[in-house]
Structures are given as structure tokens and as C-alpha cells.
Asker: 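Okay, here's the structure, questions in a sec.
These numbers come from a predicted model, not from an experiment. Quick note: residue numbers are just sequence positions, from 1.
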Amino acid sequence: VRRRKDGELIDVSLTVSPIKDADGHIIGASKIARDITAQKKAQAELQAAKNELEQRVLERTASLQETTEQLETFCYTIAHDLRSPLRAQQSFAQILLDDYQSALDDAGRDYAQRIVSSAMRLDMLVHDLLTYSRLSRTELRFDRVDLQKLIEDVELAMVDQVRARHATLSRGHFFPVQAHAATLEFVISNLLSNAFKFVKAGVTPHVNIWSELRGDFVRLWVEDNGIGVAGEHQQRIFGVFERLHPTDVYPGTGMGLAIVKKGVERMHGRVGIESEPGKGSRFWIELPKAI
């Protein structure tokens, strides 16, 4: 900062260079001063605008987060409260079928059975909505998870489903990960359940599952011999309520992979798929390797 003859203080950029004689000895100095007051003023105004913008972004983000939390709470409450009348509807329709079959004709029994089936499907949908909302709201604590042991537990829990579909499951090597064990178990159960379900009629499901190290992450693969997914649908299937097939062909709520994606992201991981129609799919999830 320098003072001009009229007394005004200005910002300057100062360059001082040595002046040398023929023998290279320094005999003086040259000084060049450039008035950069306008530049400094522009920089200060730009920084002030940047600070104001950042403050507005913080305020809007906080407001959006509060609105999202309120919406999630509202959806969770509605979904939770829906289950009671749904179960009553399902129970009374089932009682009607069990105790009053003789009083109903074929059409009446068909209608009652449709009520039971619709109520069951809606109950499954509400259950999945609650699961998705719970994953968004619940605070997760991460620990070292032994993938080998966890997958053995998942396989044991799914033994009836495996037997019913005459499926086979091959396991490879597994590296430990840093994750929330219950959420990861749910994620893997969903991926395996899809692998057993989405096969062509008459095809015996066969699933390979293994892991590999990728830098600071462990990638878990679930490979099936199912119907596959076309490239244009591979991102879409991870969305909420996204279905590629009618429910009478492949039953479900369209929430399974959305729950998988939400669970993996809550554990600071990623999810993806490699697939071709008719050639099966390889779903993968990446999670931080155990410390």
C-alpha cells in the first residue's frame, strides 16, 4: 500500500530489480509500481459475492434437508399406519374364503382370492417402503464385517428358497469390509433373491458370488444365469418402483434394487451391474475394505 501525492492510499504491485555495472556489481536498483487498486477492489467484490452465494447455498441446503426429513417422516408414518387396515382386509378376506366357501359361487371365491392377493402385495409394498425409509433415517454404525461368515448366514437363512427353486450357489474368496452388518446382510439377501428369481421358465438358477480387492475397496460380485438386463435399463432398475416385467411373470414390488442401492450408499459404497439380455447378469457392490 502506498500513499499518492494527494494523500489517497492505493494498492500497488511493486517490482524491484538490481542494476549492475559492466563487471556485474550491483550499483543500484530499479523500481516499478503498478496501481492495482481497481483489481483489488474487483477481487474483494468477487469474494464478497462468493461468500454470499455460499451462505445462500448453505441456507437452501439446510432448508431442503429439513423438508426431506419431514417428508420421510410423513411417508414413514403413513406407510406404518397403512399396515393395520391392510392386514385386517387380508384377514377378513381369508376368513371369508375359509369359512364361507360353500356360500360363494366360483366368481365370489375368485373375487375374495383377488382381495387376499392384492392385500398381500400391497402389504409387501408397504413393508419395502418402510425398509427404504428406515435405511434413509437410521444412524448406521460401521464395524469390521467378515463377509465369509455373513454370506454363510445369508445362505442358511435362504435355504428354503434355494431348495424350492433347485438353485445352486458357488462361493469364492471373501475379503473383510467396513460396513453395517445388518444392512449388508439385507443387501446381499436381496441380490441373491433376485438372482434365484429372474431366470427363464425351466432354467435352474445357478449363482456365483465372490469378492476382489480394488484399492481401498472390496468389490463383491453376484453372478447369475438369468434373463439379463438391456443396457438402456441398467441404471433405471435401481430406481424406486422400477419394474421391467409384469408382476404375474416375476412377482415383486419394484423396490428391491432401490433398497440395495440406498443401503450400499449409506455404507459409503457403490453399486452397479454388467449384463446382456439372455446372458445373465453380474451385480456388484463396492464397500470400504476393513481397517
Side-chain angles (χ1 to χ4, degrees), residues 61 65-66 68-77 79-80 83 124-159 161-162 169 171-197 207-224 235 237-242 252-273 281-291:
T61 302
Q65 184 174 358
E66 182 181 357
T68 302
E69 289 174 357
Q70 290 174 352
L71 183 60
E72 288 177 349
T73 301
F74 174 75
C75 291
Y76 182 86
T77 302
H80 184 272
R83 300 200 82 182
M124 290 171 54
L125 181 59
V126 171
H127 175 271
D128 285 351
L129 277 171
L130 288 171
T131 301
Y132 186 84
S133 179
R134 197 176 295 117
L135 274 176
S136 302
R137 294 154 48 88
T138 304
E139 183 177 350
L140 303 182
R141 180 176 179 179
F142 305 126
D143 297 299
R144 179 187 177 93
V145 177
D146 183 345
L147 264 183
Q148 178 79 31
K149 174 68 167 55
L150 186 140
I151 289 171
E152 289 174 359
D153 292 342
V154 170
E155 187 178 357
L156 185 62
M158 299 181 69
V159 65
Q161 183 177 345
V162 173
L169 178 64
R171 287 184 274 124
H173 182 73
F174 300 100
F175 297 93
V177 295
Q178 199 76 11
H180 183 255
T183 299
L184 181 54
E185 182 174 349
F186 191 82
V187 164
I188 294 174
S189 295
N190 266 276
L191 289 176
L192 288 178
S193 181
N194 280 353
F196 295 142
K197 179 169 66 173
V207 181
N208 294 319
I209 182 169
W210 75 96
S211 72
E212 61 188 29
L213 284 175
R214 294 204 169 200
D216 293 331
F217 287 82
V218 173
R219 176 171 286 195
L220 179 71
W221 292 92
V222 177
E223 181 182 52
D224 62 50
Q235 292 304 313
I237 59 174
F238 292 101
V240 177
F241 301 131
E242 290 290 353
T253 62
M255 290 287 295
L257 289 176
I259 292 173
V260 167
K261 186 172 186 288
K262 174 64 72 173
V264 171
E265 288 177 347
R266 285 295 316 275
M267 293 185 289
H268 310 303
R270 300 188 304 148
V271 62
I273 179 178
S281 300
R282 297 204 308 168
F283 285 89
W284 56 265
I285 61 173
E286 276 187 357
L287 293 170
K289 67 180 181 182
I291 300 174

Asker: Look at the side chain of S211 and the backbone N and O of F175, then say whether any donor-acceptor pair between them is shorter than 3.5 Å.
Answerer: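 A pair under 3.5 Å: yes.
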
Asker: Indicate yes or no: at least one non-hydrogen side-chain atom of L150 is less than 4.5 angstrom from one of F174.
Answerer: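 Heavy-atom side-chain distance check fails, nothing below 4.5 Å.
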
Asker: Is there a side-chain contact between F283 and V271 (heavy atoms, below 4.5 Å)?
Answerer: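 Answer no - side chains too far apart.
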
Asker: As an exercise, state the distance from CD1 of I259 to CZ of F238, rounded to the nearest 0.5 Å.
Answerer: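 Answer rounded to 0.5 Å: 13.0 Å.
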
Asker: A side-chain contact here means heavy atoms from C-beta on lying under 4.5 Å apart; do R266 and H180 qualify?
Answerer: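 No - every pair of side-chain heavy atoms lies 4.5 Å or more apart.
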
Asker: Does CD belonging to E152 count more than 12 external heavy atoms closer than 6.0 Å?
Answerer: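 Enclosed: over 12 neighbouring heavy atoms sit under 6.0 Å from CD of E152.
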
Asker: Give every donor-acceptor pair under 3.5 Å between a side-chain atom in residues 284-291 and any protein atom, sequence neighbours left out.
Answerer:
unit_1 : atom_1 : unit_2 : atom_2 : d
E286   : OE1    : R270   : NE     : 3.4
E286   : OE1    : R270   : NH2    : 3.0
E286   : OE2    : R219   : NE     : 2.9
E286   : OE2    : R219   : NH2    : 2.8

Asker: With a 4.5 Å limit on heavy-atom distance, are the side chains of N208 and D224 in contact?
Answerer: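 Heavy-atom side-chain distance check fails, nothing below 4.5 Å.
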
Asker: Measuring only between side-chain heavy atoms, which start at C-beta, is L169 closer than 4.5 Å to L192?
Answerer: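 The answer is yes; the side chains approach within 4.5 Å.
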
Asker: Just verifying a value: how many Å separate I209 CD1 and E223 CD, rounded to the nearest 0.5 Å?
Answerer: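 Those atoms lie 11.0 Å apart.
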
Asker: What's the separation between atom CD in Q178 and atom CZ in F142, rounded to the nearest 0.5 Å?
Answerer: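 Output value for this atom pair is 8.5 Å.
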
Asker: Test side chain to side chain contact (heavy atoms under 4.5 Å, CB included) on L147 and I188; report intermediate values, then the result.
Answerer: CA-CA 10 Å; L147 264 183; I188 294 174; 4.1 Å; yes

Asker: Locate the shortest heavy-atom distance separating V154 from S189; write the atom from each residue and the value.
Answerer: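 Reported closest heavy-atom pair: CG1-OG, 3.5 Å.
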
Asker: Counting C-beta onward and ignoring hydrogens, is there a side-chain heavy-atom pair between I151 and L220 closer than 4.5 Å?
Answerer: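 SC-SC contact between I151 and L220 confirmed.
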
Asker: Of all residues at least two apart in sequence or in a different chain, which pass the salt bridge (charged side-chain N to carboxylate O under 4.0 Å, His left out) check with E185?
Answerer: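 Partners of E185 under the salt bridge (charged side-chain N to carboxylate O under 4.0 Å, His left out) test: none.
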
Asker: Let me see the working for V177 and D146 under side chain to side chain contact (heavy atoms under 4.5 Å, CB included), right down to the final yes or no.
Answerer: CA-CA 7 Å; V177 295; D146 183 345; over 6 Å; no

Asker: For N194 and N190, what are the C-alpha separation, side-chain angles and deciding distance, and is it a side chain to side chain contact (heavy atoms under 4.5 Å, CB included)?
Answerer: CA-CA 6 Å; N194 280 353; N190 266 276; 5.5 Å; no

Asker: How far apart are the closest heavy atoms of L184 and A179, and which atoms are they?
Answerer: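 Here L184 and A179 meet closest at CD2-CB, 4.1 Å.
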
Asker: Working to the nearest 0.5 Å, report the span between CE of M158 and CG of L156.
Answerer: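 M158 CE to L156 CG: 11.5 Å, rounded to 0.5 Å.
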
